[in-house]
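Note on naming: letters A, B, ... go to the chains in the order of the sequence lines (proteins, then strands), and numbering restarts at 1 for each one.
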Number of protein chains: 2
Amino acid sequence: MNAVSTDTRQRILESARDLIYASSYAEVGVAAICERASVKKGSFYHFFPSKQELTLAVIDEFLVEFKERMFAQAFSPDIAPLDRFRKLLEIGYGFQVEMAAVLGHIPGCPFGNLAAELSTQDDGIRSKVDQVFALMERQFAATLHEAIGRGDVPPEVDADATARAMLAFLEGVLLMAKTRNDARVMLELGPAVADLRILKSSALST
Amino acid sequence: MNAVSTDTRQRILESARDLIYASSYAEVGVAAICERASVKKGSFYHFFPSKQELTLAVIDEFLVEFKERMFAQAFSPDIAPLDRFRKLLEIGYGFQVEMAAVLGHIPGCPFGNLAAELSTQDDGIRSKVDQVFALMERQFAATLHEAIGRGDVPPEVDADATARAMLAFLEGVLLMAKTRNDARVMLELGPAVADLRILKSSALST
DNA sequence: TTACAAGTAGACCGGTCGGTCTAGTTGGGG
DNA sequence: CCCCAACTAGACCGACCGGTCTACTTGTAA
């Protein structure tokens, strides 16, 4: 086999990531991705069977970057558990401000954006984003358990549900910031994420 | 002038509302809207100068229905202020379940969907949705003030910020339900909306 | 040195997009 | 009864969509 010599595939991936994040899935055509990556369609369809398959790979690409830029720094053992959520928000705020300076608008959450746009149309993408969310929830829940262990959070708190609620809240805050086109919403509302609590054994009917 | 005899415009509006809510703005073409409304393109462009202008009108259409189906019933004086938020969620849950039975998937929030998809592409739609959110926030804030007046919520709570946080949380919960394609997320997380609080004079830098 | 697979180039495809335009068809006021 | 504006019909437009296909170049292993 040939060595994985060229970076063509990666250039396509990164172009797609940037373009889709800056606008939306539907707005970005395969031709635009190719042009930005300086690649011809022949190469594109050599590496990816379809735009939707590419998008699945783009989600992984987003996740890698997210883990590096956000998770790795916020969820550090040096920081008190509950402060890690605040730290995550702080980093996210800086990132949105940075993006807004380049793009002219707040892009919001790449995962949330794709979920909102495509969940009703493409079940593959929907469930991929769902898995990403589940991964984040696990990280949040582990952090909450740590906080419970230290006594920062009472033990009757349902860590899993609270983790989900925190993620939902952050997604909502990001969406509000995007809709207002003002990142400061994140500073105003965000800190409340660390105060969210859902108690165990709330009845769940059906 | 001729009387406003025909319902053509309204049929277009309702077809567009249903189709866009069921999938997305980009996925629904003008031709599809016309077909569903049993209208030809000539009529469409007689009533609406462009797809984007139609969408602005569709947002108003969503808002009318939302006020009728959700706000009017949840924000009743018969219900204790904080319970109104829980009631809103309950109604919303029923609605999402109902839609899911018809469509095969959870559609989420019509406003949030449009904001997520189009905020970065169309500033007119972005700011229109922003206004809708502002209207909801006002309703939430008024309810919170009522709760403060009754002593259900301590007076050092920032009603405006808390109202915004509540809206963000609800949007996030809807997005999670859509991404999971499971409305029960709303039952698990939703009740926490009534416990959200943001205190006054949290420093807001810059 | 040859042979073959990996990768690239780019013309091409049918279909659909939002939108335009001209030619009617109504229906109510004068 | 006529006229004119509101409305409808539907053919048509260029641009672009995701995707295909054939021909070519290249790197490397035998």
Side-chain angles (χ1 to χ4, degrees), chain A residues 1-59 114 117-118 120-126 128, chain B residues 1-59 114 117-118 120-126 128:
Chain A
M1 285 111 238
N2 276 349
V4 189
S5 49
T6 66
D7 61 341
T8 304
R9 197 188 126 98
Q10 192 61 25
R11 286 211 316 279
I12 294 170
L13 227 32
E14 287 171 9
S15 298
R17 158 168 57 75
D18 295 347
L19 289 172
I20 291 173
Y21 189 37
S23 51
S24 72
Y25 175 82
E27 187 70 9
V28 176
V30 173
I33 294 167
C34 288
E35 193 181 1
R36 183 178 173 115
S38 303
V39 152
K40 301 300 174 188
K41 266 200 183 165
S43 297
F44 180 100
Y45 282 98
H46 173 73
F47 289 106
F48 302 99
S50 68
K51 190 189 177 189
Q52 102 103 354
E53 286 282 343
L54 162 75
T55 305
L56 294 175
V58 162
I59 293 171
L114 286 172
E117 182 182 358
L118 300 172
T120 54
Q121 296 170 49
D122 188 313
D123 205 64
I125 290 176
R126 198 216 92 245
K128 180 104 194 174
Chain B
M1 280 111 241
N2 277 350
V4 189
S5 49
T6 65
D7 62 340
T8 305
R9 195 189 128 98
Q10 192 61 25
R11 285 213 316 281
I12 295 170
L13 227 30
E14 286 171 11
S15 297
R17 157 167 59 73
D18 294 348
L19 289 172
I20 290 173
Y21 189 37
S23 51
S24 72
Y25 174 83
E27 187 70 9
V28 176
V30 173
I33 294 167
C34 289
E35 192 181 1
R36 183 180 175 114
S38 302
V39 150
K40 301 299 175 188
K41 266 197 183 170
S43 300
F44 181 99
Y45 283 99
H46 174 72
F47 288 106
F48 301 99
S50 69
K51 189 189 179 190
Q52 102 104 354
E53 286 281 343
L54 163 75
T55 305
L56 294 175
V58 162
I59 293 172
L114 286 171
E117 182 182 359
L118 299 172
T120 54
Q121 294 171 52
D122 187 313
D123 205 64
I125 291 176
R126 198 215 92 243
K128 181 105 194 173

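- Partners of Arg11(A) by salt bridge (charged side-chain N to carboxylate O under 4.0 Å, His left out), not counting sequence neighbours, listed by chain and number: Asp7(A).
- In this structure, the CD atom of Glu35(B) is 13 Å from the C1' atom of dT16(C), given to the nearest Å.
- For the side-chain hydrogen bond (donor to acceptor under 3.5 Å, both in side chains) condition, the pairs that include at least one residue of residues 27-55 of chain B, sequence neighbours left out, are Asp18(B)-Arg36(B).
- To the nearest angstrom, P of dG19(D) lies 10 Å from CD of Glu53(A).
- Legend: residues meeting salt bridge (charged side-chain N to carboxylate O under 4.0 Å, His left out) with Asp122(B), ordered by chain and number and at least two apart, are absent.
- Within residues 36-47 of chain B, the residues having any heavy atom closer than 4.0 Å to DNA chain C are, in order of number, Lys41(B), Tyr45(B).
- Residues that satisfy the side-chain contact (heavy atoms from CB on, under 4.5 Å) test with Phe44(A), not counting sequence neighbours, are Ile12(A), Val30(A), Ile33(A), Cys34(A), Phe48(A), Leu54(A).
- The shortest side-chain heavy-atom distance between Arg17(A) and Leu13(A) does not fall under the 4.5 Å cut-off.
- Remark: C1' of dT16(C) and CD1 of Ile33(B) are 14 Å apart, rounded to the nearest angstrom.
- OP1 or OP2 of dT8(C) has at least one side-chain nitrogen or oxygen of Thr8(A) nearer than 4.0 Å.
- Once rounded to the nearest 0.5 Å, the distance linking OG of Ser24(B) with CD of Glu117(B) reads 4.5 Å.
- For the atom pair NZ of Lys128(B) and CD1 of Ile125(B), the computed distance is 10.5 Å after rounding to the nearest 0.5 Å.
- For residues 10-32 of chain A, proximity to DNA chain C is found at no residue, defined as any non-hydrogen atom under 4.0 angstrom from a strand atom.
- What you find for Val28(B) and Ser23(B) is that their closest heavy atoms are CG2-OG, 3.4 Å.
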